[in-house]
Amino acid sequence: MKLLHLDSSPRGERSISRSLTQQFVTLWKQMHPDVPVIYRDLGRYPVPVIDEAWITAAFCPPAQLTPALESALMISDELIAELLAANLYIFGIPMYNYSVPASFKAYIDQIVRVRRTFVVGANGYEGLLNDKKALVITTRGGSYAGEPLDFQEPYLRAVFDFIGVADVTFIHAENLAMGVDERKRAIATAHEAIQQVVETWQSTTCI
Ligand SMILES: Cc1cc2nc3c(=O)[nH]c(=O)nc-3n(C[C@H](O)[C@H](O)[C@H](O)COP(=O)(O)O)c2cc1C
C-alpha cells in the first residue's frame, strides 16, 4: 500500500487545504506507520503546461519516439509513475474561479495520456488506473457544493473516471471567507469528515 499526497494551493502556512490533507496523512500514518507516502507539491513546484512537443510525443507510436520527443514526456512519465505506484490518493485542491487552480489543470493535462492512463478499446475509452481510491479535499471561500456553479467536483469526477479512478470521495470545506466563526465551523466539520474517511478506508482497504 502506498499513499500519494498532493497539494495544489500556492499558499504555504495559511493554506487550509494543506492543513486538511496533512491531517488525513497524520491520522493515516498513526494507523499505518510504515506506509510509504509520495508527496507532490504542485502549489510550490507547478508542472509545466503541455506544449506542441508533448502532444506530438504523446500520440506518437512509442517505437518512433526520438530522444527529443522522449524528453518532452519526462515530467508526464514521472507523474504517471507516482499515480501507478500508489493505490490511495489524497488531493488538496482549492476552488479558484469556480474550478481548479491552473496548477492542477496543468497536472491533469500531464497525466491524462493515451496508452498510459487510458486506452481506446473495443468499447471506447477505458481508464487504466483501476483499484485506486481517492479523497479530494476542496477549500472554498463561498458555498457551492451541489450548485450549478460548482465546476470543480463534476469536472474532477469526470476526469478521474476517464482514467479509471471511479472511487472518489469529496470533502468540501466551504464558507472559509465568511468570517472567523464560519471558517472555524467549516474546518471542524471537515476534520470530522476526514476522520470518517480514515475509518471507512481503514475498514475497506486491503492492507
Ligand atoms: C485566485 C482565487 C480565486 C478564488 N476563487 C474562488 C471561487 O471561485 N469560489 C470560492 O468559493 N472561493 C474562491 N477563492 C477562495 C479560495 O478557494 C479559498 O481562499 C481557499 O481557502 C483557498 O485554499 P487554500 O486555503 O488551501 O489556499 C479563490 C481564491 C483565490 C486566491
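This is a predicted model, so every value here is computed, not measured. We use all heavy atoms of the structure for the numbers below, so side chains are in, but hydrogens, waters and symmetry mates are not. Whatever order the structure lists ligands and atoms in, that order sets their numbers, starting from 1.
- Here the shortest heavy-atom distance to atom 8 (O) of ligand 1, taken over Tyr98, Tyr96, Tyr144, belongs to Tyr98.
- Short contacts between ligand 1 and Ser15, defined as distances under 4.0 Å to a heavy atom of the residue, involve ligand atoms 24 (P), 25 (O), 26 (O), 27 (O).
- The shortest distance between side-chain heavy atoms of Val114 and Tyr125 does not fall below 4.5 Å.
- Atom CG of residue Asp167 and atom CG of residue Asp131 lie 10.0 Å apart, to the nearest 0.5 angstrom.
- The distance criterion of under 3.5 Å between nitrogen or oxygen atoms is not met by Ser143 with respect to ligand 1.
- The shortest distance between side-chain heavy atoms of Asp77 and Glu70 does not fall below 4.5 Å.
- When only modelled atom types and interatomic distance are considered, Glu192 and Gln196 share no side-chain donor-acceptor pair under 3.5 Å.
- Annotation: Ile16 places an N or O atom under 3.5 Å from an N or O atom of ligand 1; distance criterion only.
- With ligand atoms numbered from 1 in the order given, ligand 1 contributes 21 (O) to contacts under 4.0 Å with heavy atoms of Leu176.
- Remark: of the listed residues Arg183, Arg185, Arg140, Arg140 is the sole one forming a salt bridge (charged side-chain N to carboxylate O under 4.0 Å, His left out) with Glu174.
- For the atom pair Thr21 OG1 and Ile137 CD1, the distance stands at 6.0 Å (nearest 0.5 Å).
- Considering backbone and side-chain atoms together, Arg18 places no N or O closer than 3.5 Å to any N or O of ligand 1.
- Of all the atoms in ligand 1, the ones that sit under 4.0 Å from a non-hydrogen atom of Ser9 are 24 (P), 26 (O), 27 (O).
- At least one N or O atom of Met95, backbone or side chain, sits closer than 3.5 Å to an N or O atom of ligand 1.
- Short contacts between ligand 1 and Arg11, defined as distances under 4.0 Å to a heavy atom of the residue, involve ligand atoms 21 (O), 24 (P), 25 (O), 27 (O).
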